[in-house]
Amino acid sequence: DGVPASLIFRRGYSYTYNDLILHPGLINFPADAVDLSTRLSRNIHLAVPCVASPMDTVSEAAMAVAMAALGAVAVVHCNTEAHIQAAIVRAAKARRLPFVSSVPIFSLASAPSLADFAGHDYALVTERGDSLSKLLGVAVAADATNPSAPLSDYMRPAPRSASSSFDFEQASAFLADENLDYAPLLSEEGEAIDLITTKDVERIRSYPKLGKPSLGADGKFIVAASIGTREDDKRRLEQLVQAGANAIVIDSSQGNSTYQIDMIKYAKKMFPQVDVIGGNVVTIAQAQNLIASGVDGLRVGMGSGSICTTQEVCAVGRGQATAVYKVASYANDQNVPVIADGGISFSGHIVKALALGASTVMMGSFLAGSHETPGAYEYKDGHRVKKYRGMGSLEAMTKGSDARYLGDTLKLKVAQGVVGTVADKGSVLRLIPYTMQAVKQGFQDLGASSLQSAHDLLRADALRMEVRTGAAQVEGGIHGLMSYEKKPF
Ligand code: XMP
């Protein structure tokens, strides 16, 4: 009954996730017993198979710490100067708490206005107004009696500081034991990292319980970062490695290029301790070239992203289900994990990507609009939204990301992506656990108790599936209702 993937993908069609439907197997374990632990790349293990895209409306420090705290990972984007990207990686690696409040830091001599508090109730006061000088106290915005009062009027002596290496339970116990409403977070070297409040603790406690975080050999959060393939990206690479990046993603829409091959070889030679992820690829031939050059992981997808226009503009790419299956069928044999990048709109798409051989899914739009993404919320037609843009959109390229699309700054710029908005999704600390619970239920339906057993079923042709007709796809979605509540949780 049904057909195995090896047959479906031999027919010369480009399929995407929605074209396919997987057949159920035998359930003999509870959904909670499903083990989704996986690898991002040869040497990086994750408890949760999710990766936040290297996009400037998705992955900076807040996303990196939240994803690592969840057992997943984010790739910090490179659409900014190298030293700023390295500072973002360093900021994320300096924390063990799943939040970044980024309270302002002032010097005692400053007289900040309320606007300078940027919505924060507190600010740290240090000798020189930077994170590296001595902590003097905490400015409490509510204590400022007049807007131009000098800081010394409303600075309180700093209470005992919590260590930035505290995890959530330790930080929460510290505030309770010391009977504090807030505490500065200091690194072992005395650097002022942030400030935690009891409000933060309550908020984080309202989310599902955190599982096993993604920690590197250094005992710190695992953080990945992207680079391009230009000559000056070698310096960027060095700065990112110095900042502690655990994996480097070479960001290109068509990864099978001599530029990328040279960069992979250079990175592996200079920094063998760091995993290098290549891509993007959609064919076995592309994958072969990058694997032969020494990559530790492959990013798969071309033009399948929600904001992508590559397939329309350049006529090149592949349906995402076909791309993932084909590349993974080769790469998994070479012990190179595959990241299914783009086109994830539902938990069911994640189940399909993983069942077709991917080890992780990379998501942009699915995570865009969450609290942890850069950018401010705005209101559009009564909805709270945030900007989400393709890195090949004209707007992003003018900020520097044209290298990904091998554009030449002196020539005409052609966009391969668009700018849009997405709805507020709340915190990824809630979104990802709910989504993973749904994925576990999908795996249970398949009769696969782990990601590895799903891959074994695939390889043995025991995972059966079918191509859905257009009518079957309509039937498989919500239909026939006048209205419905869109928010699943
Ligand atoms: P989703 O569907 O998760 O896709 O929003 C995110 C992925 O899309 C890729 N990406 C682009 N592709 N033009 C493209 O053709 C673009 O402007 C663009 N920006 C991002 C990228 O692989 C990302 O992870």
Side-chain angles (χ1 to χ4, degrees), residues 36 38-41 44-80 84-100 102 207 210-216 218 220-227 240-241 243-251 274-277 279 297 299 301 305 337 339-342 344 350 358-375 386 388-389 391 401 404 422 425-433 435-436:
L36 292 178
T38 187
R39 282 185 307 160
L40 171 73
S41 50
I44 296 188
H45 294 261
L46 303 174
V48 170
C50 296
V51 187
S53 272
M55 300 173 75
D56 61 5
T57 47
V58 179
S59 295
E60 289 188 353
M63 183 62 78
V65 297
M67 291 298 274
L70 287 161
V73 71
V75 184
V76 174
H77 72 88
C78 57
N79 201 21
T80 185
I84 297 175
Q85 187 190 12
I88 294 171
V89 170
R90 211 173 289 112
K93 301 261 327 169
R95 294 158 202 268
R96 273 300 311 276
L97 293 173
F99 83 108
V100 175
S102 293
Y207 300 137
L210 291 163
K212 190 169 165 266
S214 306
L215 297 178
D218 52 8
K220 297 180 177 173
F221 277 157
I222 292 175
V223 178
S226 65
I227 62 170
L240 292 170
V241 174
N246 303 77
I248 294 294
V249 174
I250 303 180
D251 200 14
V274 174
D275 272 14
V276 175
I277 296 167
R299 208 172 145 199
I339 304 169
D341 173 20
I344 300 290
I350 302 178
S359 294
T360 53
V361 289
M362 179 177 273
M363 299 177 288
S365 68
F366 195 84
L367 303 174
S370 65
H371 293 172
E372 287 79 5
T373 56
K386 252 193 201 185
Y388 176 53
R389 68 182 184 195
M391 298 311 294
S401 75
R404 178 182 157 85
V422 287
K425 303 217 177 64
S427 172
V428 295
L429 295 174
R430 176 178 287 125
L431 179 65
I432 292 286
T435 306
M436 288 305 105

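All values reported here derive from a predicted model rather than from experimental measurement.
Residues meeting the side-chain contact (heavy atoms from CB on, under 4.5 Å) test with Lys93, sequence neighbours left out: Val89, Asp218, Lys220, Val223, Asn246. Remark: Arg95 pairs with Asp194 by the salt bridge (Lys or Arg N to Asp or Glu O under 4.0 Å) rule, at least two apart or across chains. Taking Lys425 as the reference, nothing meets the salt bridge (Lys or Arg N to Asp or Glu O under 4.0 Å) condition, with sequence neighbours excluded. The side-chain contact (heavy atoms from CB on, under 4.5 Å) test applied to Ser365 returns Ser306, Tyr388, not counting sequence neighbours. Residues satisfying the side-chain contact (heavy atoms from CB on, under 4.5 Å) test with Ala52, not counting sequence neighbours, are Val58, Ser59, Met63, Met67, Ala74, Leu367. With sequence neighbours excluded, the residues satisfying side-chain hydrogen bond (donor to acceptor under 3.5 Å, both in side chains) with Thr373 are Lys386. Every residue two or more places apart in sequence or in another chain that forms a side-chain hydrogen bond (donor to acceptor under 3.5 Å, both in side chains) with Ser427 is listed here: Glu372. Shown here are the side-chain hydrogen bond (donor to acceptor under 3.5 Å, both in side chains) partners of Arg39, two or more places apart in sequence or in another chain: Asn335. By the salt bridge (Lys or Arg N to Asp or Glu O under 4.0 Å) test, Asp275 is found to be paired with no residue, residues two or more places apart in sequence or in another chain being considered.
Applying the salt bridge (Lys or Arg N to Asp or Glu O under 4.0 Å) test to pairs two or more places apart or on separate chains, none has a residue in residues 65-76. Within the structure, the salt bridge (Lys or Arg N to Asp or Glu O under 4.0 Å) test picks out no pair touching residues 57-78 (sequence neighbours left out).
Met391 CE to Asp251 CG: the interatomic distance, rounded to the nearest 0.5 Å, is 7.5 Å. One finds the CG atom of Asn79 at 9.5 Å from the CD atom of Gln85 (value rounded to the nearest 0.5 Å).
Inter-residue side-chain proximity for Pro433 and Leu70 is flagged as met; some heavy-atom pair is nearer than 4.5 Å. Residues Ile250 and Ile227 are in side-chain contact: their nearest non-hydrogen atoms beyond the backbone lie under 4.5 Å apart.
Ser214 places no side-chain N or O within 3.5 Å of a backbone atom of Ile222 that could act as its donor or acceptor partner.
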